[in-house]
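Take this structure, written in structure tokens, and hold onto it; I'll ask about it next.
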Amino acid sequence: ADDLPHVSEADPTAKALGYVEDATKTTDAKHKPGDNCVNCQFYSGAATGYGPCQLFPGKAVSAKGWCISHTAKQA
Ligand code: SF4
């Protein structure tokens with residue numbers, strides 16, 4: 001999964017979703033501290049590096065990234 005092409009912040013879908021490679025860098029008011037791709041239910045990668053996200057088929061997002069579709073993983 002880590003070898004999938006990484007989603008670029010400049011990608012139109014990424015822009016539409018406010019995706020950032022580093023969740024701590026977002027200025028989006030919807031971001032809650034601590035939320036990132038690792039604790040999002042759409043992410044299926046490792047805790048570090050990059051991994052698949054259901055919203056970006058065929059690409060990998062940053063584990064420490066974030067976007068407005070973040071949905072907390074079910075416990
Ligand atoms: Fe990250 Fe979740 Fe957004 Fe995918 S949907 S980019 S895993 S925050």
Side-chain angles (χ1 to χ4, degrees):
D2 212 17
D3 51 0
L4 291 169
H6 297 173
V7 172
S8 162
E9 291 180 1
D11 175 281
T13 307
K15 278 195 154 161
L17 293 178
Y19 170 75
V20 287
E21 288 246 321
D22 182 346
T24 66
K25 300 263 167 69
T26 184
T27 53
D28 195 296
K30 292 181 203 76
H31 180 252
K32 292 197 226 68
D35 280 359
N36 59 24
C37 292
V38 168
N39 56 38
C40 174
Q41 72 170 10
F42 300 117
Y43 182 75
S44 57
T48 59
Y50 289 77
C53 163
Q54 286 176 35
L55 274 57
F56 293 96
K59 293 190 179 163
V61 297
S62 169
K64 59 182 186 176
W66 178 84
C67 86
I68 58 169
S69 291
H70 182 278
T71 304
K73 247 183 192 132
Q74 301 300 306

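Whatever order the structure lists them in is the order used to number ligands and atoms, beginning at 1. The shown structure was predicted, so the numbers you read here are calculated from the model rather than taken from an experiment.
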Quick one: look up the protein heavy atom nearest atom 2 (Fe) of ligand 1 and list residue, atom name and how far away it is.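 Ranked first by proximity to atom 2 (Fe) of ligand 1 is C40 SG, 2.3 Å.
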Subset of ligand 1 atoms that lie under 4.0 Å from at least one heavy atom of L55: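 The atoms of ligand 1 under 4.0 Å from a heavy atom of L55 are 5 (S).
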Quick one: does H70's side chain have a donor or acceptor within less than 3.5 Å of a partner on N36's backbone?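 It does hold such a pair.
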Could you tell me, atom by atom, which parts of ligand 1 come under 4.0 Å of a heavy atom of F56?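 Listed by number with element, the hits are 6 (S).
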What is the nearest protein non-hydrogen atom to atom 3 (Fe) of ligand 1, stated with its residue, atom name and distance?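 Nearest protein contact, heavy atoms only, for atom 3 (Fe) of ligand 1 is C67 SG, 2.3 Å.
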Within one Ile-Leu-Val-Met-Phe-Trp-Tyr cluster: V38 and L55, side-chain cutoff 4.5 Å: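 Yes, V38 and L55 fall within the same hydrophobic cluster.
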With a 4.5 Å cut-off on side-chain heavy atoms, are F56 and L17 touching?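 Contact flag for L17/F56 side chains = yes.
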State the atoms of ligand 1, each with its element, that fall below the 4.0 Å cut-off from a heavy-atom position in Y43.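 Going through ligand 1 atom by atom, the ones under 4.0 Å from Y43 are 7 (S).
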NZ/K25: more than 12 non-hydrogen atoms of other groups inside 6.0 Å: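 Open: at most 12 neighbouring heavy atoms sit under 6.0 Å from NZ of K25.
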Which ligand 1 atoms does H70 reach within 4.0 Å, using its non-hydrogen atoms?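 Counting atoms of ligand 1 from 1, those under 4.0 Å from H70 are 8 (S).
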Identity and distance of the protein heavy atom lying nearest atom 1 (Fe) of ligand 1: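 The closest heavy atom on the protein side is C37 SG, 2.2 Å.
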For H31 and W66, take the angle between the two ring planes, folded into 0 to 90°, and tell me which bin it lands in: parallel under 30, tilted 30 to 60, perpendicular over 60.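 Aromatic pair H31/W66 classed perpendicular.
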Is the distance from atom 4 (Fe) of ligand 1 to the nearest N/O/S atom of C53 under 2.8 Å?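 Yes, C53 qualifies, because one of its backbone or side-chain N, O or S atoms lies under 2.8 Å.
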What atoms of ligand 1 come within less than 4.0 Å of a heavy atom belonging to F42?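 Listed by number with element: 5 (S).
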Under 3.5 Å, side chain of D11 to main-chain N/O of S8, donor-acceptor pair present?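 Side chain of D11 to backbone of S8, a donor-acceptor pair under 3.5 Å: no, none is there.
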Does some side-chain heavy atom of Y50 sit less than 4.5 Å from a side-chain heavy atom of E21?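 Answer yes - side chains close enough.
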